[in-house]
Amino acid sequence: KASGTNKTQTTITYRQMKHFNEQEFKTTLEQTPWDSTFGFDDPDDMLSAWEDMLNQALDDHCPWKIKLVTR
């Protein structure tokens, strides 16, 4: 006979979309200076700059949230 359940807690990380406004996000993307990535000679640097700008836009409109969950 089992003496109970073995529950473990862990965290999950996700982007909070509760207050996400699609139009404001699109406006931010339109105003982002994507062409500044072409100032780099190394394609890896170009990609890194592009990712940084995209992640900044995402962070501004749907920030990361950490939640404790029980399994």
Side-chain angles (χ1 to χ4, degrees):
K1 196 172 186 183
S3 63
T5 59
N6 185 13
K7 295 181 181 179
T8 59
Q9 291 186 330
T10 188
T11 59
I12 58 171
T13 304
Y14 62 96
R15 287 206 179 264
Q16 183 179 26
M17 302 293 289
K18 186 175 184 177
H19 302 290
F20 181 76
N21 182 310
E22 183 179 351
Q23 189 55 47
E24 288 179 8
F25 181 65
K26 286 180 180 180
T27 299
T28 296
L29 292 178
E30 290 170 355
Q31 294 173 351
T32 300
W34 301 107
D35 57 344
S36 66
T37 61
F38 296 113
F40 297 97
D41 293 328
D42 186 339
D44 290 332
D45 292 339
M46 295 170 86
L47 177 60
S48 179
W50 187 89
E51 286 177 329
D52 288 345
M53 287 189 283
L54 178 61
N55 283 322
Q56 184 60 55
L58 288 167
D59 290 345
D60 290 346
H61 294 278
C62 46
W64 287 107
K65 182 138 178 122
I66 299 172
K67 184 176 185 176
L68 185 65
V69 294
T70 302
R71 293 184 187 199

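Computed over heavy atoms, backbone and side chain alike; hydrogens, waters and symmetry mates excluded.
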K.L.:
Are the side chains of W34 and L54 in contact, using a 4.5 Å heavy-atom criterion?
P.N.:
yes
K.L.:
Can you confirm whether L58 sits close enough to F25 that some side-chain heavy atom of one is under 4.5 Å from a side-chain heavy atom of the other?
P.N.:
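Sidechains of F25 and L58: in contact.
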K.L.:
Hey, what do you get for CG (L68) to CD (Q9), rounding to the nearest 0.5 Å?
P.N.:
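These two atoms lie 4.5 Å from each other.
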K.L.:
What are the two closest non-hydrogen atoms of R15 and C62, and how far apart are they?
P.N.:
NH1-O, 2.9 Å
K.L.:
Distance check, rounded to the nearest 0.5 Å: E24 atom CD versus H19 atom NE2?
P.N.:
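With rounding to 0.5 Å, CD (E24) is 12.0 Å from NE2 (H19).
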K.L.:
Verify side-chain hydrogen bond (donor to acceptor under 3.5 Å, both in side chains) between Q56 and D52, making sure each step is shown before the conclusion.
P.N.:
CA-CA 6 Å; Q56 184 60 55; D52 288 345; over 6 Å; no
K.L.:
Would you kindly confirm whether V69 and Y14 end up in one hydrophobic cluster when ILVMFWY residues are joined by side chain heavy atoms under 4.5 Å apart?
P.N.:
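Same hydrophobic cluster.
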K.L.:
Tell me if the CG atom of D41 is crowded by more than 12 foreign heavy atoms within 6.0 Å.
P.N.:
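No, CG of D41 has 12 or fewer neighbouring heavy atoms, counting only those of other groups under 6.0 Å.
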K.L.:
Do L29 and M17 share a hydrophobic cluster, counting only Ile, Leu, Val, Met, Phe, Trp and Tyr and linking them when any side-chain heavy atoms are less than 4.5 Å apart?
P.N.:
yes
K.L.:
Write down the atom of T37, the atom of M46, and the distance for their closest heavy-atom approach.
P.N.:
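Of all heavy-atom pairs spanning T37 and M46, the closest is O-CG, 3.2 Å.
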K.L.:
Does some side-chain heavy atom of S48 sit less than 4.5 Å from a side-chain heavy atom of D44?
P.N.:
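The answer is no; the side chains never approach within 4.5 Å.
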K.L.:
To the nearest 0.5 angstrom, please state how far the CD atom of Q23 sits from the NE2 atom of H61.
P.N.:
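That separation rounds to 10.5 Å.
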K.L.:
Begin with the C-alpha distance, continue with both residues' side-chain angles, and end with the deciding distance and a verdict on salt bridge (Lys or Arg N to Asp or Glu O under 4.0 Å) for K26 and E30.
P.N.:
CA-CA 6 Å; K26 286 180 180 180; E30 290 170 355; over 6 Å; no
K.L.:
Give me the atom names and distance for the closest heavy-atom approach of D45 to F40.
P.N.:
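Looking at all heavy atoms of both residues, the closest pair is CB-CD2, 3.7 Å.
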